[in-house]
Amino acid sequence: MDTMRYIFASLLANIAGLLFPIRNDIFGLVLLFSLNFVVGLFADLSNHRDWSFKKAFCFFRDAAVYFVMVASMYVLGHLKGEEQAAVHCVSFMIYVAIYFYGTNILRNARMLTQEHSTLFRILDFLYYVLSFKVVGKYGYLKSYMESYEKDKKNMVV
């Protein structure tokens, strides 16, 4: 049993050492996902929605998949000898997550405040800027959002 613990500890230490250059990105994702989870949970509870283990499980599953994607992207780039390019790819993935989870956090945070309060107006303005003005500034994001909405309308549930 001790041998298995040593093997497991050695494996974790090696993985942590390999991912050391993107440690700040990993910590940032942990913070982003944690904030999204907490604000979403409070928004659900404040709007009299019940706690859903299924929804929480889906969130943790999605977060784990995203962490694996980010780590895999970096490891593959590192193994190819393109470590700096891999770091740039990871940074891009982090910014994408910040955008989509950030708009979700702002949307949920608005639900936690009184509608005519100053904090609501601040959060509403930030949500407006992120969800509409930023989309218009970046053509590829705008075309993605348009195609997403078009695909969503054509989906048969």
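All residue numbers refer to positions in the sequence shown, counting from 1.
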Let me check something: do [X] and [Y] share a hydrophobic cluster, defined by ILVMFWY side-chain heavy atoms less than 4.5 Å apart, either directly or through other members?
X	Y	answer
Y101	L41	yes
F59	V70	yes
F67	L18	yes
I105	F60	yes
I15	Y74	yes

Is a side-chain N or O of Y127 found less than 3.5 angstrom from the main chain of N108, in a donor-acceptor match?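 No; zero donor-acceptor contacts below 3.5 Å.
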For F125, does the CZ atom sit with more than 12 other heavy atoms under 6.0 Å from it, leaving out its own atoms?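 At most 12 heavy atoms, drawn from other residues, nucleotides or ligands, come within 6.0 Å of this atom.
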F100 atom CZ, over 12 foreign heavy atoms within 6.0 Å =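 Yes, enclosed.
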For R121, enumerate each residue passing the salt bridge (Lys or Arg N to Asp or Glu O under 4.0 Å) test, keeping only those at least two apart in sequence or located in another chain.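 None.
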Notebook entry, point to check: salt bridge (Lys or Arg N to Asp or Glu O under 4.0 Å) with R23: which residues, sequence neighbours excluded?
Noted result: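 None.
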* Asked: Does anything in residues 53-67 pair up under side-chain hydrogen bond (donor to acceptor under 3.5 Å, both in side chains), and if so which pairs, sequence neighbours excluded?
  ->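 For residues 53-67: D44-K55.
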To the nearest 0.5 Å, how far apart are [atom1] in [X] and [atom2] in [Y]?
X	Y	atom1	atom2	value
M111	L123	CE	CG	11.5 Å
L19	N14	CG	CG	11.0 Å
I22	I94	CD1	CD1	7.5 Å
T3	R5	OG1	CZ	9.5 Å

- Query: Can you name the nearest heavy-atom pair linking S46 to A43, along with the distance?
  - Reply: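 So the minimum-distance heavy-atom pair works out to OG-O, 3.1 Å.
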If you take all heavy atoms of G77 and A86, which pair is closest and at what distance?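 So the minimum-distance heavy-atom pair works out to CA-CB, 3.7 Å.
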query = Tell me the salt bridge (Lys or Arg N to Asp or Glu O under 4.0 Å) pairs involving residues 89-112, sequence neighbours left out?
reply =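 For residues 89-112: R110-D124.
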Only pairs at least two apart or in different chains count here, so list each salt bridge (Lys or Arg N to Asp or Glu O under 4.0 Å) that has a residue in residues 76-88.
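Pairs touching residues 76-88 that pass the test: none.
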Going by atom type alone, with no hydrogens or angles, which donor-acceptor pairs under 3.5 Å involve a side-chain atom of residues 25-37 and a protein atom two or more places apart or on another chain?
{"from": "S34", "atom 1": "OG", "to": "V30", "atom 2": "O", "distance (Å)": "2.7"}
{"from": "N36", "atom 1": "OD1", "to": "N104", "atom 2": "ND2", "distance (Å)": "2.7"}

- Query: With a 4.5 Å limit on heavy-atom distance, are the side chains of Y95 and I98 in contact?
  - Reply: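 A side-chain contact under 4.5 Å exists here.
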- Heavy-atom check, side chain of V68 versus side chain of V65, under 4.5 Å: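 Side-chain contact under 4.5 Å: no.
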